[in-house]
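First the structure, in the form of structure tokens, and then the observations on it.
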Amino acid sequence: MKTTKTVMLTAAAAASVFALAACGSSGSNTSSGNSNIDCASGSIKASGSSAQKNAITDWINAYQEACEGATIDYQANGSGAGIQDFINAQTAFAGTDAAAKDKDLDAATKRCASGPAINIPMVGGAVVAAYNVEGVDKLVLTPKTLAGIFSNKITKWNDPAIAADNQGTKLPDANIVQFHRSDSSGTTANFTDFLSQAAKADWTYEPGKEWAAPGGQGAKGTEGVTSAVSSTANSIGYVELSFAQDQKLKTATLKTAGGEVEPTSENASKAIAEATVVGSGNNLALELKYDTAAQSAYPIVLVTYELTCEKGLPENQLGLTKSFLTYTSSNDAQKQLTEIGYVPIPDSLLTKVQDAVKAIS
Amino acid sequence: MNGDKVFFGLSRAAGVFVLLLTLGIGVFLAVTAVPALRENTANFFTTQQWLPDANPPAFGIAALAFGTVMTAIIAMVLAVPVGTGIALFVAIYAKPTLGKVVAFLVDLLAAVPSIIFGLWGLEFLMGNMIGVSAWLDTWFGWIPLFANDQDVYTRSIFIAGVVLAIMIIPTISAVTREVFVQTPQGHVEAALALGATRWEMIRMVVFPYSRPGMISAAMLGLGRALGETIAVALLLSALFEINWHITEPGGNTFAANIALKWNEAGSIGLSALVASGLVLFLITLAVNMAARLIVARKRDFVEGH
Amino acid sequence: MNDLTSGLKRRRATDKVATGVVYLTALIAIIPLVSILIVVFSRGIAAINAEFFTSTMRNISPRREGGGIFHAFIGTLEQVGVATLIAVPVGIMVAIFLVEYGSRGKLAAAVSFFVDVMTGVPSIVAGLFIYTCFILTFGFDRSGFAAALSLTILMLPVVVRTAEEMLKLVPMDLREASYALGVPKWVTIIKIVIPTALSGIITGVMLAVARVAGETAPLLLTTFMTQSLNLDVFSGPQAAIPTFVWDQIANGTNPSMDRAWAGALVLIVLVAVIYIVAKVLAARFAPKSK
């Protein structure tokens, strides 16, 4: 009895030593785990969009695991602050919820020693209406009813306008508790952009990063809205898909011209494919088509970009930045996004993204 | 003799450093605030919106000033009596061991990060305060301050004020306690020997002697309440309007607004936030000047006797 | 006679009511305070284990359990340490200037006023100042040192005020006795006055440390967040416990929330330990004059 235990322990110890050794070798040898990562070493900083935080964090972890000499720090301090950091040369790239343009892009270009600054689409996301109503497992909303709820015109769950799209579902006779973001946010910008295009007649407020409609309650951050919805009965709020999935919130199905669509990564990716590139050269700034009628395309999407220098990054940032972005724009890395509730860049666009990354020098 | 000169020079330099540092804070904030103030198309003091990165920029601090002052007043109304009560309890009423334990607990709370106060406020206090707010609405709804037309009682100025009160109680009670302890023992014993009850002794000896210190303590608490950032940012619904119904969702403060808008601010937006920070700095400066004046008067009064 | 006893009765009753009110306020205040401690302890304990103290968040996905606070712990120790190293000597020197040298001068009055003003500087304004001055104007990178500078601004007035109060309490006789022996003023201050006031000063410094260790707002503006360990307080991204908590909350996943509460618990315990150690030290080193 005693001997077997010792033998097992020794075996376990030997195995762990072996595993450690294997780990140790993976640093110098780029072939383990992610075989396709072409490692660079050094350390870079990046900051910006909190919408892409968890996706970038996972990518950084995968990259650092494969490349032991590399450290990448991403501070999710918001797109605006991220762009300012990049302009002030504090970071190697910025994550942003909306492509930098005009003044910001000019200032960013000035920061690059010898070339333009470019927006590279990298992480897609879907904005979903997460709700917490007992007994309602499927909720269908049109852009019109969504606009009504978030502008405080529809205030009851059993309002005829909602009931019309939810035949057979027993909607409670309760007040709708509506949550929006109290901080400025790209998520708000995308959500209100969608409402003002897809429900023009019903959404008359200025779309933008600041919530402008009356009523409802503000909560800080997507995590704030998520936890408010999950802890408040009869509530609804707009959050990013990945957060709704993490907290297992129910999400509303959207009824568009193309039929009823569930908010999933696949469906959102189809809507991003409808976007047109409005930037020039390798600047892949997109214009999203929120009122798309494409079959099963979920139209409330956001695309986060990495803003960096096409040419003229400092020598000590260039290698690692390029290597990391090459990895994140690879098919493998994009595929992982679906698992965690983010949306991969559709293939048609991804090749352009990969070309843009290749051009970084 | 030479050593004396060097030492005096050093201490004087340290004093001058503090002076320059404080002035520097004002100057740097003012310089950074100029671009936004120059481009602002709305009245900075009366406007109730915050769109500095819009074209043209339009922003003002009216709602921020209202929310800041209102939350701070609520906090003071609650925290000063309670903080003083704790200080009396620790310094005079409780047995030394119990007093020490209570003092330790209270001091410990000064170190709780403000995010945690915010989270605790959201998860624990807000739910439990709905009843209190509703009760205020039912019985005191005829006072506009407590009226609630929305029948929603969460994320309000009132709740933020309560959380602020809890946050500044440690500050107020710690300082007041120190002052109470320093009451000359002779006076205390004299009062008691003359047959004064304990409460009379406190009113006649401890309070007059401690008043300047108590005012300093309250001002210290007020300063903290005015400038508290993260907890308020988590709690408030952040509306840019002046709403006297303090139990309804809404409200915003200087500090919370900086935290909420900093992330997405462009260059003018940053400058505008710094401008609001400068106003907050000037308000705390005014509060301190007022406190100094009051303390100086009281001190003359006490010492004049 | 009757009047007298009824007056006495009333006075006794008032006293009883006052006692009741004092106990009640203490109780009212203790309830939320204890409630916070209970919430932090009960929610924080879930993610506390040996790994939490010895590892960093490097390569730990927000969705995964595990990882730790080591990098943030070091960051907080260094940042608060540097802030203390700057604020304590400068603060004590300012207090010496106010008490020992400048009692009635105009400069002393101005300094004393501005110390009061500094006491009221909100932490976010301190952060804004370091951001606009140190980072935007002078072009330094965000670092643990920038954070330490903003914490210094918050600590300095507290140190000055407590040191000032404590120096004032040192009896004049002590100083005069020393002068009478022909000891120069500065030696008297260093060898006699400061040691006598030391225990009070240490307590004040500890309160200042407790106050800044949990500060979040200025760190968000002055440091760069990282998941990895950085021992160099002067350059590169560096985490701290408050920003660790902030970061984990922003992740929004359940394992991250557990880590956030655990981080808060560590911070409270850390401050409690510092506080107790300081009290013990202060008691031991206090001159046995009483």
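In the text below, chain A, chain B and the rest are named by the order of the sequence lines, each starting its count at 1.
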With only heavy atoms counted, which part of B:Ala13 is less than 4.5 Å from chain C, the side chain, the backbone, both or neither?
neither
Comparing C:Ala95, C:Ala260, C:Gly127, C:Ser112 against chain B, the one with the most heavy-atom pairs below 4.5 Å turns out to be C:Ser112
One option among C:Val34, C:Leu270, C:Ile124 has the most heavy-atom pairs under 4.5 Å with chain B, and it is C:Ile124
Heavy-atom distance under 4.5 Å to chain C: side chain of B:Arg292, backbone, both or neither?
side chain
Do side-chain atoms of C:Asp247 reach the backbone of C:Thr243 as a donor and acceptor pair under 3.5 angstrom?
no
Aromatic plane relationship, C:Tyr131 with B:Trp262 - under 30° parallel, 30 to 60° tilted, over 60° perpendicular:
perpendicular
Heavy-atom contact with chain C under 4.5 Å, split by part of B:Arg203:
neither
Quick one: what part of B:Phe8 sits under 4.5 Å from any heavy atom of chain C, side chain, backbone, both or neither?
both
B:Glu123, part contacting chain C, at a heavy-atom distance under 4.5 Å:
side chain
Any idea which of C:Ile268, C:Ile36, C:Asp116 has the most non-hydrogen atom pairs under 4.5 angstrom with chain B?
C:Ile36
Can you tell me which portion of B:Glu228 sits under 4.5 Å from chain C's heavy atoms? Options are side chain, backbone, both or neither.
neither
So for B:Met289, is it side chain, backbone, both, or neither that comes closer than 4.5 Å to the heavy atoms of chain C?
both
Examine whether an atom of B:Phe89 lies under 4.5 Å from a heavy atom of chain C, and if so say whether it belongs to the side chain, the backbone or both; otherwise answer neither.
both
Between C:Ile28, C:Val121, C:Leu221, C:Leu24, which has the largest tally of heavy atom pairs under 4.5 Å with chain B?
C:Leu221
What part of B:Leu220 gets closer than 4.5 Å to chain C, counting heavy atoms only: side chain, backbone, both or neither?
side chain
Side chain, backbone, both or neither: which part of B:Phe254 has an atom under 4.5 Å from a heavy atom of chain C?
neither
Among C:Thr14, C:Thr216, C:Val90, which residue forms the greatest number of heavy-atom pairs with chain B at distances under 4.5 Å?
C:Thr216
SB check C:Lys168 C:Glu164 (cutoff 4.0 Å):
yes
Which atoms of B:Leu226 approach chain C - backbone, side chain, both or neither, heavy atom under 4.5 Å
neither
Between C:Thr132, C:Val39, C:Val271, which residue shows the highest count of heavy-atom pairs closer than 4.5 Å to chain B?
C:Thr132
Check the angle between the aromatic planes of C:Tyr101 and B:Phe7 and answer parallel, tilted or perpendicular using the 30° and 60° thresholds.
tilted
